[in-house]
Structures are given as C-alpha cells and as structure tokens.
Amino acid sequence: MVEAAEQVALPRSFYARPTVEVARDLVGKVIVHQVDGEELAGRIVEVEAYLGRGDEAAHFFGGMTPRTRVIYGPPGYAYVYFVYGMYHCLNFVTEPDGEAGAVLIRALEPVAGVEAMRLRRPKARRLEDLASGPGKLALALGVTLDQYGVDVTNGSLIVRAETNHKDFRIGVSPRIGIKKSADLPLRFFVEGNAYVSRAK
DNA sequence: AGTTCGATCGCCT
DNA sequence: GGCGATCGAACTG
C-alpha cells in the first residue's frame, strides 16, 4: 500500500521546469515533514528563485562546490544549507538534470502539527511568527542538513499538491537580504498573508 | 592554515 | 534601525 503522502506529492516533472515558473507555482502548496512520529505541515506563502545563469546572488554562481552539488543534479530534491552559524534554510532543486536552479522557501502558514512546531520554536510568541522566515521555518519543521539531498517527491519530506486556499494573489518583489543581483523580481508571496516574512 | 563573511533572527536602543 | 551570536564553506596564500 502506498503512503498517503506519496499519492499527493508533486511529481518530479513539476520541478523539471524553469526555476521562476516552479517558484510561482510552489506558492500555495503544502510542505509535509514526518519527523519523530509527527506530521508537521505548512502552506508555502513566500519563496525566492535562484537562477543558474546570470544570478550573482545564487550560492552556485561561479560553479559547483561540494555544498551545491545537489543543485546540478535532477530536480525534486532538497538543497539545505547552514548559515550564520545557527540557521538552516530549505530549497527545492529545479530545472532538468545537469542544469542549476533552486527555490528558497521563505515562509509557511502552519497547517498541521502546530503544537509540535511551537515546541521547536519556543521564542515565537505569535502563531504568525512560527515560520515567517527561512530560518524559522526550517526550525519549526525540523529541517536540518539531514535533509540535504532527500527526494521530495517521495518520502518523509514532500510537497503536497492540494490546498484549501485556491484563490489568492501572488505578489512579486526583489529578494530579501542579498546584495548582488538585488533588483531582480524573483520573490513571490501570497499578497496580504499574515505569515509572510515581510509585508511587501 | 588562516581569514572572511553569509539567501538570519531576535534583542537592544 | 543597529548589532551580536556562532560556525562552516569557500577563498587566499
């Protein structure tokens, strides 16, 4: 019998497309992580695209390194990195095998396992702050380097296709916290959503 | 081998 | 709005 999560996970073909398209289409989808016997889930309300060509802000600008090797492989896998000595950030690999590209997940609206997520984020007082940033959501979901390179079309960390929120507007803006290629409109978010890391 | 600095967060003023 | 925490990856020599 197939796991329920596998039946609804976005297929690899979803990720095997231009990064900007994948980024836009990920908004509104639901990430589900099975950890320590619990199901933690959140609706994606904010993402950023990082491109393979001409994007100086991307970690993989200038070529492959040991850290970024997964980005050059087949799509539909997790790219997780560690920053500022304390936070992890979750990305999904895009583009066909051999091409670089990734989408950074920047904010989630908690959907399931909220109490467990609160335990993982004791400093978050308000529900809106539980996963309203890339470092926060990785902590809340229990994503660490253990998830580096895992298949997100099949397994304990997946993206679910369906969502109850069908109607929403997608806002576009420059990406946050970067200095190079800073003007490119590669951030996509649910307009007016309280769980986004920044209003606009 | 040493140094720099980051796709962040939260606390301080 | 400013800054300190904290550490590995990547780059320099």
Side-chain angles (χ1 to χ4, degrees), chain A residues 15 18-24 26-27 31 42 44-73 75 77-95 99-110 117-150 152 157 159 170-190 193-200:
Chain A
Y15 300 94
T19 305
V20 170
E21 285 182 31
V22 179
R24 264 195 107 89
L26 276 172
V27 176
I31 297 179
I44 299 171
V45 296
E46 178 182 348
V47 301
E48 285 176 358
Y50 286 85
L51 311 181
R53 292 181 190 283
D55 183 2
E56 295 178 283
H59 284 166
F60 40 97
F61 179 77
M64 184 164 48
T65 65
R67 181 174 62 156
T68 60
R69 66 176 168 73
V70 71
I71 294 168
Y72 290 83
Y77 289 82
Y79 165 53
V80 181
Y81 65 88
F82 185 63
V83 261
Y84 297 111
M86 52 187 100
Y87 300 109
H88 295 276
C89 293
L90 172 65
N91 300 247
F92 298 129
V93 176
T94 59
E95 308 278 349
E99 298 253 348
V103 176
L104 169 69
I105 308 304
R106 280 198 59 91
L108 299 177
E109 177 177 335
M117 285 194 259
R118 280 192 183 279
L119 290 174
R120 292 169 184 274
R121 290 223 63 225
K123 288 178 183 169
R125 321 268 324 192
R126 311 182 314 136
L127 180 63
E128 291 86 345
D129 298 329
L130 207 48
S132 59
K136 299 176 189 175
L137 101 238
L139 253 177
L141 275 190
V143 169
T144 66
L145 288 179
D146 286 349
Q147 276 67 238
Y148 183 94
V150 301
V152 297
L157 178 66
V159 183
I170 295 181
V172 183
S173 81
R175 294 169 295 183
I176 291 173
I178 59 171
K179 297 186 171 101
K180 301 171 243 174
S181 298
D183 294 331
L184 302 177
L186 295 177
R187 171 172 173 258
F188 305 95
F189 57 97
V190 176
N193 185 276
Y195 301 85
V196 168
S197 70
R198 301 191 190 184
K200 63 180 262 310

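What you are looking at is a predicted structure, and each value in this text was computed from that prediction instead of being measured. Below, chains carry the letters A, B, ... as their sequence lines are ordered, and counting in each starts from 1.
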Novice: Starting at NE2 of A/H88 and ending at C1' of B/dG6, how long is that distance when rounded to a whole Å?
Specialist: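 So the NE2-C1' distance, A/H88 to B/dG6, works out to 15 Å.
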
Novice: Check every strand shown and say whether A/R67 touches a base, only sugar-phosphate, or nothing at a heavy-atom separation below 4.0 Å.
Specialist: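 If one applies the 4.0 Å heavy-atom cut-off, A/R67 turns out to touch the sugar-phosphate alone, with no base involved.
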
Novice: In whole Å, I'd like the distance from the CZ atom of A/F82 to the P atom of C/dA9.
Specialist: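 These atoms are roughly 9 Å apart.
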
Novice: For B/dT8, which nucleotide in any strand shown is its Watson-Crick or wobble partner with both distances under 3.5 Å?
Specialist: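 Pairing partner: C/dA5.
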
Novice: Classify the nucleic acid contact of A/I178 as base, sugar-phosphate or nothing, counting any heavy atom under 4.0 Å across all strands shown.
Specialist: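 Sugar-phosphate contact only.
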
Novice: Give a yes or no on whether a donor-acceptor pair under 3.5 Å exists between the nucleobase atoms of C/dA9, that is its base, and the side chain of A/Y81.
Specialist: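 When only heavy-atom distances are counted, A/Y81 does not reach the base of C/dA9 through any donor-acceptor pair under 3.5 Å.
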
Novice: Kindly point out which of B/dG6, C/dA10, C/dC7 is positioned nearest to the side chain of A/K179?
Specialist: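 Shortest atom-to-atom distance from the side chain points to B/dG6.
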
Novice: For the pair A/H88 and A/F82, name the ring-plane relationship: parallel under 30°, tilted 30 to 60°, perpendicular over 60°.
Specialist: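 If you compare the ring of A/H88 with that of A/F82, the planes turn out tilted.
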
Novice: Just to confirm, is there a sub-4.0 Å distance from OP1 or OP2 of C/dA10 to any side-chain nitrogen or oxygen of A/T65?
Specialist: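 Yes, because at least one side-chain N or O of A/T65 sits under 4.0 Å from OP1 or OP2 of C/dA10.
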
Novice: Would you say the side chain of A/R187 lies within less than 4.5 Å of the side chain of A/V196, judging by non-hydrogen atoms?
Specialist: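 A side-chain contact exists here, since the closest heavy-atom pair is under 4.5 Å.
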
Novice: Does any non-hydrogen side-chain atom of A/F189 lie less than 4.5 Å from one of A/S173?
Specialist: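 The answer is yes; the side chains approach within 4.5 Å.
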
Novice: Please report the distance, rounded to the nearest Å, between CD1 in A/I105 and C1' in B/dT8.
Specialist: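 Interatomic distance, CD1 of A/I105 to C1' of B/dT8: 16 Å.
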
Novice: Starting at CZ of A/F92 and ending at C1' of B/dA7, how long is that distance when rounded to a whole Å?
Specialist: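 In whole Å, B/dA7 C1' lies 15 Å from A/F92 CZ.
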
Novice: Could you give the OH-to-P distance, from A/Y87 to C/dG8, as a whole number of Å?
Specialist: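 Distance check: A/Y87 OH to C/dG8 P gives 16 Å.
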
Novice: Quick check: on DNA chain C, is the nucleotide nearest A/Y84 upstream (toward 5') of the one nearest A/L145, or the reverse? Name the residue that is more 5'.
Specialist: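 So the residue in question is A/Y84.
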
Novice: Using atom C1' of each nucleotide, how far apart are C/dC3 and B/dC5 to the nearest Å?
Specialist: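 Per the computed distance, 15 Å lies between those C1' atoms.
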
Novice: Judged by atom type as modelled, is there a donor-acceptor pair below 3.5 Å linking the side chain of A/E48 to the main-chain atoms of A/I176?
Specialist: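 Flag set: sc A/E48 to bb A/I176 pair under 3.5 Å.
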
Novice: Given C/dA5, B/dG6, B/dA7, identify the nucleotide with an atom nearest to the side chain of A/M86.
Specialist: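 The closest nucleotide is C/dA5.
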
Novice: Could you tell me whether A/K180 contacts a base, only the sugar-phosphate backbone, or nothing, with contacts defined as non-hydrogen atoms closer than 4.0 Å?
Specialist: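 Nothing: the residue A/K180, judged by heavy atoms under 4.0 Å, touches no strand.
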
Novice: Between C/dA10, B/dG10, B/dC9, spot the one nearest the side chain of A/P66, thanks.
Specialist: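 Ranking C/dA10, B/dG10, B/dC9 by closest atom to the A/P66 side chain puts C/dA10 first.
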
Novice: If you define the side chain from C-beta out and look only at heavy atoms, does anything of A/N91 sit under 4.5 Å from A/I71?
Specialist: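 No, side chains not in contact.
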
Novice: Between the protein and nucleotides 11-13 of chain B, list every N/O to N/O distance that falls short of 3.5 Å.
Specialist:
none

Novice: Within the structure provided, determine whether A/Y15 and A/V103 are in side-chain contact (heavy-atom separation under 4.5 Å).
Specialist: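 A side-chain contact under 4.5 Å is absent here.
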
Novice: Which is true for A/G135 with a 4.0 Å heavy-atom rule: it touches a base, it touches only sugar-phosphate, or it touches nothing?
Specialist: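 Sugar-phosphate, backbone atoms only, no base.
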
Novice: What is the distance, to the nearest angstrom, from the CG atom on A/L137 to the P atom on B/dG10?
Specialist: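 Roughly 12 Å, once rounded to whole Å.
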
Novice: Are A/F92 and A/V22 side-chain neighbours, meaning at least one heavy-atom pair lies under 4.5 Å?
Specialist: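 SC-SC contact between A/F92 and A/V22 ruled out.
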
Novice: Taking the minimum atom-to-atom distance to the side chain of A/N91, which one of B/dA7, C/dA10, C/dC7 wins?
Specialist: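 Nearest nucleotide to the side chain: B/dA7.
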
Novice: Within the pair A/R106 and B/dT8, is there a side-chain N or O less than 4.0 Å away from OP1 or OP2?
Specialist: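 Checking B/dT8 against A/R106, a side-chain N or O does come within under 4.0 Å of OP1 or OP2.
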
Novice: Just the rounded figure in Å: distance from P of B/dG10 to CD of A/E128.
Specialist: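 That distance rounds to 14 Å.
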
Novice: Over how many whole Å does the gap from A/F60 atom CZ to B/dG6 atom P extend?
Specialist: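 A/F60 atom CZ is separated from B/dG6 atom P by 17 Å.
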
Novice: Assign A/F61 to base, sugar-phosphate, or nothing according to its heavy-atom contacts below 4.0 angstrom with the strands shown.
Specialist: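 Touches nothing.
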
Novice: For the residue pair A/L104 and A/Y81, establish whether any side-chain heavy-atom pair is separated by less than 4.5 Å.
Specialist: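 Answer yes - side chains close enough.
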
